[in-house]
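Numbering of residues begins at 1 and proceeds along the displayed sequence.
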Amino acid sequence: MITKLLVANRGEIARRVFATCRTLGVATVAVHSDADADAPFVADADQAVRLPGNTPAETYLRIDLILDAARRAGADAVHPGYGFLAENAEFAAAVTDAGLTWVGPSAKAIAAMGDKMAAKALLADAGVPMLPTWTDPAEVTAFPVLVKASAGGGGRGMRIVRDADGLAEAVAGARREAAAAFGDGTVFIERYVERGRHVEVQIFGDTHGTVVALGVRDCSIQRRHQKIVEEAPGVLPDDVRAALHEAAVAAGRAVDYVGAGTVEFLLAPDGQVHFLEMNTRLQVEHPVTELTTGLDLVRLQLLVAEGEPLPVTTTPPADGHAIEVRLCAEDPAQGFRPATGTLHRFAIPGVATEFGPARGLRLDSGVVDGSTVSVHYDSMLAKLVAWAPTRTEAARALAGALARAELHGVATNRDLLVRVLRSPEFAAVDVDTGFLDRHPEVFEPLLPAEQLPVAALAAALAGAAARRAAAPVLAGLPSGWRNVPSVPQVTRFTGPGDEEIEVQYRLDRTGALAEWGRKGPLLTDSVEEGSPVNSALPVVELVTATPDRMVLDVDGVRRAFRVHRAGSSVFVDGPDGAASLTELPRLPLPTAELAAGSLLAPLPGAVTRVHVEVGQRVAAGDLLLTLEAMKLEHPVLAPADGVVAELPVPAGGQVETGAVLAVVDPEEDPQ
C-alpha cells in the first residue's frame, strides 16, 4: 500500500496528483527548483525537497536528485506526472530498483513505446496502418513531412517541412529542442497528412491482464504542434470509434501495458486511421475523459500501482460532453511568443471544482494570484474544462467563463481560445490539425480596436477616483475641477503593440463627465466643448465611478468595467473584452537612445546559435541568431536589408528581456 507519494514534476499536474492523494489519505512530497520554491504546488504538498538550480537539466531531469529526495522524505512511491522524466525507462527502472513503487507502466513497456520507431514496427506487425516513416533525412522520398522527437511529446521538436531544402535545418532544430526538453535529441521523419484529425484513445491496464479503452478524445486544434483544445468524446462515426478502441487495446496488450496510457492516431480525410505514437503516461487532456466517464484516473493509477484490479473492464458509455482548453502565457502582439512576468490576478468565474471529477466548470491550475511565470519552463498556466450534457452547451459555457476571466500581469492566449470555441467551424466539428492556419480571424483580439479608447477612459477615470478617495482634503470635489474650465485632465497609456493612447477628459462640478477625447493619429489633438470631441468617438456618460469599477453609458448602452491597478499597469475587463494598459509618467525620465536597427530580446533566454558575423550583408528575413526560452527555439530575423553592425551576445550567452541581441545597419552601402 502506498503511504507517501513523491511527484517528480511541477505545476498543475503535481497539484492534480496531490488533490487525489488528499482524498485517499496518501501523504505527499514535492520536489522543486529554486525558481519554483514559492509555487502553489510546493505549498500543496505535505513535504517538499529542493533541487538546487533552475533549468530542467539541473533539476527535474536529474534522476539521482529525485531518488535522493524520495529517500530523504521517506516516500515509498513516485508518480512522474507528464513531461520531464515521465516517459524515461531509465527513471522507471531506477525507481523500482530503489525499492519504491512506480506509478506507471513498466520500464520495458516505456522503452518499447518510447522508441517510437520500434513501436511503429511492433504495431505494424499487428496490422495497424502506419504512415511512411524515415530515420535518415537522405531517404525521404516525398513531401510534406513532419520531423518529430522520438522521446517525449507535447509538440516539442516538431517541424513541418514542405521541400527538401529545409529538411536539414528542421532536423537539426528539432534535435536541439528535443534534447533541451527531454534530454534525448533523437528524431524521426514522418509523412505529413494535410487536414488530418488528431484523435487518441485513453487506455488503462492492470497487473491482472485487463486492458480497457476509456473512450476517444479529439485533439485536432493545435498551434506549433501543441494541442490547445481537446474534447471527449470525439465526434466520430461508430465504426471508426470501435476500430480506434480495438487498435488501442491491441497496442496495450502487445507490451503488457499497466497503468494509464494514450494511443494516438491520425484520421485522414479519406477515413483512414494511421497510428502516430503511444504516450506511456497520463496525458495533459485527461480531465475530459474523467468528466465524461466519472472516473478519477489518478486514483486508478494508484490502485493499479498497488496491484489492485481495475474497477472497470469494458469501455464505459460517455455521459455528456467535455471540452478542455490550455491557457498559456503567450503574447499575441509578439506572434504568441511565450510570456513571462508576475501574474497579478488569476480569477475565473463559475469554477465548480479544482482538480476533481465533478461536473460543471473545472480548473486545473499551476498558478494563483502573485505567481511568477518563469522563463525556465513550459508556458501553460492552467487547464479550464467544461462539462455539459451537449457539446454546444459545453463550448458556450467554456467560452463565457474564459471571456469573463481576469488574467492580469502576463499576456495569454485567452482571446484565441474564446474565438475558436465560438467559431461556426468548431460548432460544426469542421476541425483538423490545420484549423488555425485556415482561420486567421480567430487570432483577432476580443476587444475591437475602436473600443480601446473607451477602455482607456475607464482606466483614467478609475485612476482619478482612486486619487480622490485617497485625498486628505477636499475629497468630495471632482478630480481636476475648476470654477472656470480650462485645460482637460490628461492620462497617457501604452496599449497593445506599445501604441500610445492619450485620454483627455473633464468632469463638471457634479462629477459628471463633461467632455472627453483621445489624442492620436485618427482623432483631434485638442478637447473642445462638447462630448465627444470627435465624431469617431462614442458619446459617453459617467454613471458610477470607483477605483475598481466603472459604469459608463456608451452611445446609450450601459457597460460595466472592472479596473485593477498593479503599479503602473492597469487592467480593464469589460463586456466586450479586456485591455492591458501601462500608464506613462507625466514627466518621463530621459533614457538612452538605442542604435538604429537594434534587435531586442523579447523575453529572457539563452542565445543558442549565432548564424551571421559582424560585417555580413543580410536580407530582410534572414536568420541572425536563435534564442532558446521556455523550452522553445525563437528565431531572430533581420528586419530589413543591411549589414550586421553588432553582435553583442555570443552563443551560450544569457540575456534578459530588452537586451540588444544584434544591430543591423540598414544604411550601409552594400558596395
Using side-chain contact (heavy atoms from CB on, under 4.5 Å) as the criterion, list what pairs up with Ala352, not counting sequence neighbours.
-> none
Where the side chain of Thr608 meets the backbone of Thr626, is there a donor-acceptor pair that is under 3.5 Å apart?
-> yes
Throw together a table of side-chain donor-acceptor distances under 3.5 angstrom for residues 549-561, partners on residues two or more places apart or in other chains.
from, atom 1, to, atom 2, distance (Å)
Asp553, OD1, Gly556, N, 2.9
Asp555, OD1, Val539, N, 2.9
Arg559, NH1, Gln451, OE1, 3.4
Arg559, NH1, Asp576, OD2, 3.3

Counting N and O atoms only, with roles assigned by atom type, does the side chain of Asn413 sit under 3.5 Å from a partner on the main chain of Leu327, one being a donor and the other an acceptor?
-> no
dist Glu285:CD -> Ile228:CD1 (nearest 0.5 Å) comes out at 13.0 Å
Sidechain N-carboxylate O distance under 4.0 Å for Glu230, Lys383 = no
Does the Arg562 side chain pair with the main chain of Asp548, one donor and one acceptor, at a distance under 3.5 Å?
-> no
Could you walk me through whether Thr433 and Gln222 pass side-chain contact (heavy atoms from CB on, under 4.5 Å), step by step?
-> CA-CA 6 Å; Thr433 57; Gln222 303 175 8; 4.1 Å; yes
Sidechain-backbone polar pair: Ser365 side chain, Val367 backbone, donor-acceptor under 3.5 Å = yes
So, does Asp36 use its side chain to make a donor-acceptor pair with the main chain of Ser33 at under 3.5 Å?
-> no
Does the ring of Phe426 carry Arg419 above it, NZ/CZ under 6.0 angstrom from centre and within 45° of its axis?
-> no
Applying side-chain contact (heavy atoms from CB on, under 4.5 Å), run through Arg617 and Asp641 and close with a yes or a no.
-> CA-CA 8 Å; Arg617 184 74 187 175; Asp641 296 352; 4.0 Å; yes
Between CG on residue Leu343 and CG on residue Leu381, distance to nearest 0.5 Å = 6.5 Å
Is the shortest heavy-atom distance from the side chain of Leu384 to the side chain of Leu417 under 4.5 Å?
-> no
Between Asp430 and Arg438 the two heavy atoms that sit nearest each other are O-NH2, 4.2 Å
Taken to the nearest 0.5 Å, the spacing of Arg492 CZ from Gln504 CD works out to 11.5 Å
The residue among His564, His408, Arg345 that forms side-chain hydrogen bond (donor to acceptor under 3.5 Å, both in side chains) with Asp573 is His408
Say you draw a straight line from CZ of Arg414 to CD of Glu330; how long is it, rounded to the nearest 0.5 Å?
-> 14.0 Å
Mark yes or no for whether Asp34, through its side chain, and Asn54, through its backbone, hold a donor-acceptor pair below 3.5 Å.
-> no
State which residue, out of Ile501, Thr491, Val563, Thr494, fulfils the side-chain contact (heavy atoms from CB on, under 4.5 Å) condition with Leu581.
-> Ile501
Test item: Arg326 side-chain N/O and Val284 main-chain N/O as donor-acceptor pair under 3.5 Å | no
Test: Arg10 cationic atom under 6.0 Å from Tyr377 six-membered ring centre, within 45° of axis = yes
Kindly say whether Gly350 contributes a backbone atom to a donor-acceptor pair with the side chain of Arg404 at under 3.5 angstrom?
-> no
Which pair of heavy atoms, one from Ala399 and one from Val418, lies closest together, and at what distance?
-> O-CG2, 3.9 Å
